[in-house]
Student: 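Sharing a structure here in structure tokens format.
Just so you know, these numbers use all the heavy atoms, side chains as well, and skip hydrogens, waters and symmetry mates. Below, chains carry the letters A, B, ... as their sequence lines are ordered, and counting in each starts from 1.
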Amino acid sequence: MITLNNVLFKWHKQQAKPTLSIQTLKIADGEHVFLHGPSGSGKSTLLSLLAGINIADSGSIKLLNTNLTALSNRKRDVFRSDHIGYIFQNFNLLPYLSPLENVMLGCQFSKNRQRKALQQSASLEQEATRLLNALGLTNEHHQQSVADLSIGQQQRVAAARAFIGSPELIIADEPTSALDANNRTAFIELLFAQANIAGSTLVFVSHDTSLQSLFNRTISLTALTEQAA
Amino acid sequence: MILIKLAYKSLLNRRGSAFLTLFTIAISVMLLLSIERVRVDAKSSFSNTISGTDLIVGARTGDIQLLLSSVFRIGHANNGVSWQSYQYIKQQRGVAWTIPLSLGDSHKGQAVLGTTLDYFTHYKYGKKQPLNFSQGAAFSHLNEVVIGSEIANKLNYQLGDKVVISHGMGNTSFHHHDDNPFTVVGILKATGTPVDKTLHIPLAAIELIHGGGHSAESEHDHDHDHDHDHDHDHDHDHDQHEDLTGEPKQITAFLMGFDSPLYTLQVRRNINQYKPEALLAIMPGVTLRELWEMLSIVEKILLLFSSIVVLVSLLGMLTTLLASLNQRRRELAILRSVGARPWHLFSLISIESLLITLLGCLLGCGLFYTLMSVTAGLLQSHGGISVTINMLSHYELMLIGAIMAAGFIVGLIPATRAYFYSLADGMSIKI
């Protein structure tokens with residue numbers, strides 16, 4: 001699913017030490033990976049490389065056997081919208097769209113994901129409704145303003161947006177940092193369930209190591225970087 | 001489609017600032033359209049002040065001066081046309097009708113015109129529309145007056161009211177012909193021309209109020225040469241045929257109509273070369289156009305000002321969009337995370353500016369029609385401009401098209417900035 005080889009990345013060329021240096025990293029299809037590391041260890045940098053927003057200065061990053069570093073900007077954008085669902089730490093829902101519209105937005109820019117969503121349900125709206133219900137957000141909340149939803153409810157909307165159209169890779173960037181322990185576990189279990197249904201690989205990033213037991217694989221970014229050094 | 005929906009919902013989310021921007025554009029569109037409409041209608045009203053008249057003849061002055069004094073009652077002719085010359089020219093071949101005009105007196109600052117009944121038959125305005133009476137009829141006696149609609153409204157005159165004519169123009173005349181009050185017998189329908197502001201009395205009455213045989217004579221210390229001895233008694237029963245024309249020594253000017261337009265140029269040339277008296281014959285249509293050309297600088301200045309207002313409103317939109325863009329980097333980053341490409345964001349901002357401009361133009365058109373409906377009466381009564389409230393003209397649509405295009409071009413600036421923000425920020429939320 002994901003293969004990184006000799007990846008080196010610097011935010012500024014004159015930096016003496018690279019921001020990220022990974023010799024090898026492989027993540028298999030369907031894995032639920034917990035990626036942790038302290039603040040400043042390069043977690044967000046790694047995610048931006050995996051999402052194809054930034055390009056490694058050297059080395060290769062392959063997703064679904066596609067070398068991201070070899071793709072043009074436009075093709076990387078298309079690849080991202082077709083194959084990657086992203087859950088932000090602060091959920092980042094658009095405040096002027098309803099929860100349902102926010103979820104549908106996840107596949108509006110990808111024909112590939114629209115097609116997959118329509119294989120699941122008769123319409124995008126039905127698929128968004130199905131996902132929201134599956135993630136525990138009942139119908140009464142689907143049309144209300146996202147600003148009126150609780151943190152937990154917003155998180156479910158953000159997750160449903162990432163899952164719509166069954167992307168092969170779900171990247172979750174510390175999505176549980178605002179939740180208490182019970183809700184955190186419940187939410188992660190919901191994520192796993194949806195990832196299993198969609199057949200998606202889940203890369204979950206957090207600095208909270210107490211969560212690692214829930215995942216079938218844990219990767220320490222610090223260890224990866226030291227290994228490269 | 002999704003971009004239009006996003007642009008619309010995003011604007012709705014920022015409706016406060018968006019509406020202010022939109023309203024500014026609407027006001028500027030309303031101003032531009034109103035100025036343009038009033039300009040066109042003023043021109044049309046101006047050109048339509050007189051129609052169907054082939055020549056205006058007066059003492060030799062300037063074309064425009066003659067037009068202004070005889071048709072617009074602005075200024076006054078220094079000289080007149082002798083009655084003999086008028087009679088001679090009137091009898092030329094091809095002359096269908098003539099209307100003698102005698103100006104110089106006033107009533108409460110409004111012009112008094114001495115003329116004949118031909119005035120009510122042959123005088124045309126607009127698209128060759130004749131004068132019509134809203135009440136009463138033309139004068140049939142020497143002491144009767146027909147007033148324009150504006151005089152009736154402004155001075156609140158009704159049929160049967162008595163009117164005293166003053167010598168000279170303006171409100172401050174010291175010579176009132178108090179002994180010759182005129183009775184209002186007719187009120188003309190509104191024409192949107194100087195006719196509305198004119199009191200029409202028989203030509204003979206002009207001579208009469210300045211002439212001998214009256215008690216008024218002693219009150220007149222101005223030096224009129226009255227060789228026309230008029231024996232007139234107001235208490236006398238006028239049911240018998242009364243000469244409303246008389247034989248004045250001179251008249252201010254006269255209007256001419258011909259059987260065929262072919263006579264116009266020939267008679268005009270003859271009049272301009274008339275030996276016994278220095279006369280001038282003008283074609284009103286041509287002189288009206290010349291006069292409007294002189295005023296064209298005013299319309300250009302008006303258009304310039306309204307264009308500047310449009311420009312300022314578009315710059316206002318640019319400022320609002322640019323100011324909001326920095327706050328919207330999170331929104332742009334979210335859209336990038338769900339697969340929007342930089343050109344999607346470029347299009348989104350362009351669509352937003354286009355939507356604001358479009359809605360601004362639509363609201364502006366609505367405001368324009370409201371303003372025109374509300375002020376049409378006022379423009380007619382105060383400016384003599386008959387405003388037509390109909391569909392937008394081709395030119396007005398072109399103006400709106402130009403505003404839309406300008407709005408789109410202005411919108412490209414924040415759109416380009418959004419494009420580069422999206423490249424620099426990617427999916428990371430910078431704010």
Student: Is there a side-chain contact between A:Gln194 and A:Ile197 in this structure, where contact means two heavy atoms from C-beta onward sitting under 4.5 Å apart?
Tutor: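 A side-chain contact exists here, since the closest heavy-atom pair is under 4.5 Å.
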Student: Donor-acceptor pair, distance only, cut-off 3.5 Å: does the side chain of B:Ser149 make one with the backbone of B:Asp196?
Tutor: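 Looks like no, no N/O pair under 3.5 Å.
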Student: Relative to the ring of A:Phe34, is the ring of A:Phe204 parallel (under 30°), tilted (30 to 60°) or perpendicular (over 60°)?
Tutor: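 Aromatic pair A:Phe204/A:Phe34 classed parallel.
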Student: Parallel, tilted or perpendicular for B:Phe19 and B:Phe23, by the 30°/60° rule?
Tutor: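 Geometry flag for B:Phe23 against B:Phe19: parallel rings.
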Student: A:Ile164 versus chain B, heavy atoms under 4.5 Å apart: side chain, backbone, both or neither?
Tutor: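 When you check distances to chain B, no heavy atom of A:Ile164 falls under 4.5 Å.
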Student: Can you tell which part of A:Arg113 gets under 4.5 Å to a heavy atom of chain B, answering side chain, backbone, both or neither?
Tutor: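 For A:Arg113, neither part sits under 4.5 Å from chain B.
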Student: When only pairs under 4.5 Å are counted, which of B:Leu12, B:Leu3, B:Leu6 shares the most heavy-atom pairs with chain A?
Tutor: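 Looking at each option in turn, the highest pair count goes to B:Leu6.
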